[in-house]
There are 2 protein chains.
Amino acid sequence: MGTMVSAARVKLSDVARDAGVSAATVSRAIAQPGLLSPETLARVRASAQRLGYLPDGAARALASGRSMTIGAIVPTLDSAIFARALQAMQATLAQAGYLLLVASHEASPAAETQAVRALLGRGVDGLMLVGAERAPETTALLRTSGLPVVLTWCGDGHFTAVTIDNAMAGRLAAQHLICLGHRRIGMIVGHLQFNDRQRARLAGARMALEEAGLSLPDSLVVEQALTLAGGRAGCAMLLDLDDRPTALIGGIDLFAIGCLEEAHARGMAVPDELSVVGIDGLDMSAHVSPGLTTVHVPTGRIGNLAAQTLIAMVARRPVERETLLPVELVVRRSSQTLPPH
Amino acid sequence: MGTMVSAARVKLSDVARDAGVSAATVSRAIAQPGLLSPETLARVRASAQRLGYLPDGAARALASGRSMTIGAIVPTLDSAIFARALQAMQATLAQAGYLLLVASHEASPAAETQAVRALLGRGVDGLMLVGAERAPETTALLRTSGLPVVLTWCGDGHFTAVTIDNAMAGRLAAQHLICLGHRRIGMIVGHLQFNDRQRARLAGARMALEEAGLSLPDSLVVEQALTLAGGRAGCAMLLDLDDRPTALIGGIDLFAIGCLEEAHARGMAVPDELSVVGIDGLDMSAHVSPGLTTVHVPTGRIGNLAAQTLIAMVARRPVERETLLPVELVVRRSSQTLPPH
DNA sequence: TCTTCTGATGAAAGCGCTTTCAGTCAACGT
DNA sequence: ACGTTGACTGAAAGCGCTTTCATCAGAAGA
């Protein structure tokens with residue numbers, strides 16, 4: 001044996017010869033076994049097995065026009081949110097024989113365009129994207145490609161989408177705090193530039209406050225990078241205000257956890273001196289101290305449904321234009337009634 | 001316009017015709033622009049641009065034998081560790097024009113075999129795997145394929161690998177606690193079945209204890225699912241022992257964070273009544289309360305290097321057989337000297 | 001002036017598979 | 001007994017691109 005230079009890979013025609021059938025028959029044995037007689041099928045399978053035949057995906061894709069691959073483009077893989085959604089997608093796709101091709105754009109519309117181009121070129125059968133906001137060029141690319149596309153978290157009313165009501169999430173967080181008697185509420189959000197989810201959450205919170213005769217002035221909103229440290233920094237800024245808020249909403253749970261930390265570092269008791277509410281419902285949030293009140297988002301289901309929807313679209317089965325998944329307030333210890341002044 | 005049935009996609013021959021050159025020339029304009037005269041190149045590019053030409057990846061892969069795709073198979077995407085490594089890989093790969101195809105096996109060797117088969121079939125140019133332990137069948141598949149393969153976290157001395165010294169990580173954690181005066185130390189590890197990283201960490205910790213004249217009996221080791229809840233449950237089991245340990249090591253940071261939580265729930269002060277050390281160095285660990293002492297692992301670099309190594313192997317450039325990345329103890333507040341008895 | 005290069009381009013043969021279109025053959029109906 | 005039907009299978013034409021190999025100017029050398 002030793003280091004043998006990779007033996008020429010077994011190909012379909014080898015199997016055909018070995019089994020004494022035509023190439024067409026072997027192909028059918030793989031893709032439409034029902035068309036073959038049991039004996040032929042068994043013979044072909046035996047040969048394929050014995051020779052260790054593995055179909056060449058590129059050739060199949062070229063000949064059939066389907067790559068059995070779905071692409072997903074997310075802001076980053078390094079986030080509990082997208083990691084969970086992708087894991088769910090991947091699991092669902094794998095069951096259907098699809099593979100997941102991933103790309104990230106790090107909040108850059110141009111990078112997203114590039115990623116779309118790359119995935120389109122690679123011949124994915126469908127594409128999952130996050131949010132509805134993107135460079136017009138990207139949208140044009142998507143449209144002219146005619147490829148099945150599913151937007152997630154936010155829809156645009158045109159592409160198929162699996163979404164949550166981000167504005168409602170913001171609203172629930174705010175209403176909860178309002179009900180507890182808070183009147184001065186601050187919010188930390190991600191950079192709003194290329195992030196419609198954060199914009200919607202902010203808008204929802206603001207609207208809830210206004211409906212209650214209150215307001216969420218820009219002075220009480222701070223934009224931060226989507227990290228725990230960003231949340232902590234945002235919290236610090238808000239707490240340093242002359243008329244500091246009595247409650248804070250994190251546009252993502254990570255922000256809220258950062259707030260918990262900053263409050264702790266300052267010796268401010270949560271929830272006694274500061275109430276904190278997040279949005280996302282990370283596993284982690286149930287485990288921090290105090291437990292984080294948050295608006296839970298069914299992240300895994302978004303991934304599962306996006307995958308299922310894409311699979312259905314590839315198969316030309318009808319699908320919901322937009323699936324809206326419910327968000328839900330989960331009250332824990334980080335928020336409480338505003339103590340009497 | 002309206003709903004136009006997807007216009008036949010622009011293909012290389014269309015560009016060739018438009019530019020008044022042969023298909024070969026267009027192909028060269030894409031892959032080896034240096035071979036063309038500046039004028040021809042410009043003309044072809046202009047045509048391609050105008051027609052919106054996007055090369056067909058499947059056809060390229062079939063004709064050239066390279067798919068410009070790298071595969072990665074991890075236990076799960078839904079873990080801060082693998083998510084970070086994959087994000088790093090993806091970023092590095094994207095810069096080199098490669099795309100990342102991901103699969104997860106959820107700690108099932110059979111699922112891993114299947115994933116390898118799927119990725120091999122899809123014609124990836126290289127493959128990243130986690131750990132060195134796997135079904136013999138998988139290894140055979142990998143070997144006969146002759147594909148560039150990089151193992152991560154643990155190597156097997158045969159395949160190229162980007163690793164960390166897991167045993168050293170366990171050892172550092174244990175030695176730290178021993179130095180603080182702890183004599184009775186417990187450890188929570190992931191299921192050891194198909195996880196050589198956890199086995200090595202356990203072995204390292206055990207060895208450190210034995211070298212100090214102590215021991216880590218099986219009664220003080222509990223296997224748990226790799227989640228925060230698993231860590232908490234493991235901690236509970238260990239604390240319920242008659243002769244409870246004074247310090248706990250988490251085989252992953254998540255376990256250690258679970259310990260913090262369980263201790264908190266029981267009203268046990270950390271580190272006064274219980275010292276806790278983790279292994280991984282999650283961002284989160286710096287932010288929990290008390291800050292978690294942990295053995296930091298350069299997760300992102302593992303991903304970067306795995307990608308770089310794979311790219312080099314595809315290009316037939318020589319690479320290190322095994323790159324061992326350093327781990328480092330980061331002392332925070334969760335561990336302290338054992339108080340006088 | 002006549003080779004000999006060199007650089008730029010084209011013609012054409014696949015890459016390994018799918019799929020249409022025919023064709024074969026046994027069973028069936030009348 | 002003979003056209004029909006239906007179930008299988010095979011021949012062959014690509015899928016869209018890459019890559020030899022050949023060609024053909026024009027530059028350089030003799």
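Throughout, protein chains are lettered first and strands after them, A, B, ... in sequence-line order, and every chain is numbered starting at 1.
- Nearest to the side chain of B:Ala24, among C:dT9, C:dG10, C:dT18, sits C:dG10.
- Using a 4.0 Å heavy-atom criterion, one finds that A:Ile30 contacts no nucleic acid atom at all.
- Both B:Glu39 and A:Ala23 lie near DNA chain C, and the one whose nearest nucleotide falls closer to the 5' end is B:Glu39.
- A salt bridge does not link B:Glu112 to B:Arg117: none of the charged nitrogens lies less than 4.0 Å from a carboxylate oxygen.
- Heavy atoms of A:Val21 sit under 4.0 angstrom from primed sugar atoms or phosphate atoms, though from no base atom.
- OP1 or OP2 of C:dG10 has at least one side-chain nitrogen or oxygen of B:Ser22 nearer than 4.0 Å.
- In this structure, B:Leu62 atom CG and D:dG16 atom C1' are separated by 9 Å, rounded to whole Å.
- When each of A:Arg28 and B:Pro55 is assigned the nucleotide of DNA chain D bearing its nearest heavy atom, the one mapping closer to the 5' terminus is A:Arg28.
- For the pair A:Arg17 CZ and D:dT9 P, the computed distance is 19 Å after rounding to whole Å.
- Atom CZ in B:Arg66 sits roughly 19 Å away from atom P in C:dC15 (whole-Å rounding).
- Side-chain contact check for B:Leu12 versus B:Pro55: every heavy-atom pair is 4.5 Å or farther apart.
- Residue-level contact check: B:Thr25 touches the backbone only, with heavy atoms under 4.0 Å from sugar-phosphate atoms and none from bases.
- Between the C1' atom of C:dT9 and the CZ atom of B:Arg43 lies a distance of 11 Å, rounded to the nearest Å.
- Side-chain nitrogen and oxygen atoms of A:Thr40 include none within less than 4.0 Å of the OP1 or OP2 phosphate oxygen of D:dC8.
- Computed from coordinates, the A:Gln32 CD to C:dT20 P distance equals 9 Å when rounded to whole Å.
- Taking atom CZ of B:Arg60 as the reference point, atom P of C:dG14 lies 22 Å away to the nearest angstrom.
- Remark: P of D:dC17 and CG of A:Asp56 are 17 Å apart, rounded to the nearest angstrom.
- Looking at A:Arg9, its side chain has no donor and acceptor atom pair within 3.5 Å of the base of C:dG16.
- Set against C:dC17, C:dA8, D:dG16, the side chain of B:Ala59 has D:dG16 as its closest nucleotide.
- The residue A:Ser64 sits close only to the backbone: its heavy atoms come under 4.0 Å of sugar-phosphate atoms, none of a base.
- Remark: of the listed residues A:Leu100, A:Thr69, A:Val102, A:Thr69 is the sole one forming a side chain to side chain contact (heavy atoms under 4.5 Å, CB included) with B:Leu101.
- Residues A:Arg301 and A:Val162 form no side-chain contact, since every pair of their non-hydrogen atoms from C-beta on lies 4.5 Å or further apart.
- At a threshold of 4.0 Å, the pair B:Lys11-B:Asp14 does not count as salt-bridged, since none of the basic side-chain nitrogens sits closer than that to a carboxylate oxygen.
- Nearest nucleotide to the A:Ala63 side chain, out of D:dT19, D:dG14, D:dG16: D:dG14.
- Taking atom CZ of residue A:Arg122 and atom P of nucleotide D:dC17, one finds them 14 Å apart after rounding to whole Å.
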